[in-house]
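Predicted model only: the values in this text are computed from it and were never measured. In each ligand, atom 1 is the first atom listed, and ligand 1 is the first ligand listed.
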Amino acid sequence: METPNSKRLFADAIKHMPGGVNSPVRAFKSVGGDPIYMESAQGSQLVDVDGNEYIDYIGSWGPMILGHAHPEVTAAITAAAIKGTSFGTNSEGEVELAKLVKKFVPAVEIIRMVNSGTEATMSAMRLARGYTSRNRIIKFEGCYHGHGDSFLSKAGSGVATLGLPDSPGVTPSTAADTLNAVYNDIGSVRAIVEQNHGEIAAVFIEPIAGNMGCVPADSAFLQDLRDICTAEGIVLIFDEVMTGFRVSAGGAQGLYGTTPDLTTFGKIIGGGLPVGAYGGRREIMELIAPAGPVYQAGTLSGNPLAMAAGIATLSAIDADPEFYKKLEQKGRAIEDGIRQAAGEPLTFNRVGSMFTLFFSEEPVTDFSSAKTSDAARFARFFNALLEAGVYFPPSQFEACFISVAHSESDIEQTISAITDAIAKSRG
Ligand code: KE4
């Protein structure tokens, strides 16, 4: 691919923004080369500023489950924008989106809209501490819950991609209140709970991790986690920012049948506009101001344009009884194609329309096993795919996303490109 305009723009951007980007995962730090600038997108296709076309498997890191520029979403945003972009008051869309989320996720009795997944997890953490009068939280190595101070400890996503130990700027006292367990290892959770008896406010987990690459939780592990939290009065928080409305209408909790006390959302519920949310048991959520004393606020929370985009997205999902069956068929086709193409023992994890190909010969069930992947080989694989017009996340520690707009020919072209890229990436 010739990308002179992307190179020109990045050379300019680097003078004005840290690393030339507004989010580290978009940089090509771990795969080499300069990041690509996109001009437009439609359905499964991205078009860069040099006119190159790509089949997109980032999907804006999850939100674009309908495909880019879905007409109903674009129309809803346009209609809302004509009426004003933000009122700073209540508006009808907030009520409609809240009710739509509750329709899909029964564990959510009360919900608060915010502007990002990070805001959702930060707020849920403060709420859990306020509800329990306890300070410590448990998270899992390799999981990423946004860039809130308490979560930047052994985190996944960009933190793992850049090989950052944790993050300067997080105070030792804050870091001391975050305890990391091992994903899919209930013994590691029991040990931490015993060592910190009566001190743990919440357990945060991605019920299907996407930020160490795609790593599903074992169902027995997740239920054991539920049982421990119930017995210990610990708030169990499913971070479904990525999995909410991605893996089923009811998210991961709908697939596993394990019910958290609180759930965080983002990405798909905003349809590509900035939306996050947290919700769950009424007795906990009603501690949030102004109903209760735990403070959380936001100038643009419940913004009418973002609500309109979220409503249009969830309504389109709700209107199609075959929606997740279609995504599963596309995911299965890609999985079958990759397994046939690999010709060597690589690890492929998938849940519905989210997947990761690991350049590792061993099963990937936690952060340690995810890190056995050959990152250098992934970089060669990523660039070979990009050259072939297939755009994967520029990191081994991310998930790929399929939309309902990905066609059979997209998938055939993708499998062919992956087959070649696996061969080309061999040392
Ligand atoms: P945001 O603040 O980026 O909206 O959401 C944070 C977040 C919270 N929880 C989970 C499970 C998440 O996956 C995320 C954000 N995901 C990354 C990609 N893995 C966002 C991409 C980026 O950082 O630019």
Could you tell me whether F392 and Y57 have their ring centroids closer than 6.0 angstrom?
yes
If we only count heavy atoms from C-beta on, is the L225 to I186 side-chain gap below 4.5 Å?
yes
Can you check whether V241's main-chain N or O pairs, donor with acceptor, with R246's side chain at less than 3.5 Å?
no
Quick one, list the residues around ligand 1 where some non-hydrogen atom comes in under 4.0 Å, by chain and residue number.
S23, V25, W61, S116, G117, T118, Y144, H145, G146, S157, E206, N211, D239, V241, M242, K267, E398
Check for me whether K326 meets the cation-pi criterion with F323, that is, NZ or CZ under 6.0 Å from the six-membered ring centre and within 45 degrees of the ring axis.
no
For the residue pair Y183 and F221, categorise the inter-ring angle as parallel (less than 30°), tilted (30 to 60°) or perpendicular (more than 60°).
tilted
Can you pull out every salt bridge (charged side-chain N to carboxylate O under 4.0 Å, His left out) where at least one residue sits in residues 91-118? Sequence neighbours excluded, please.
K103-D318
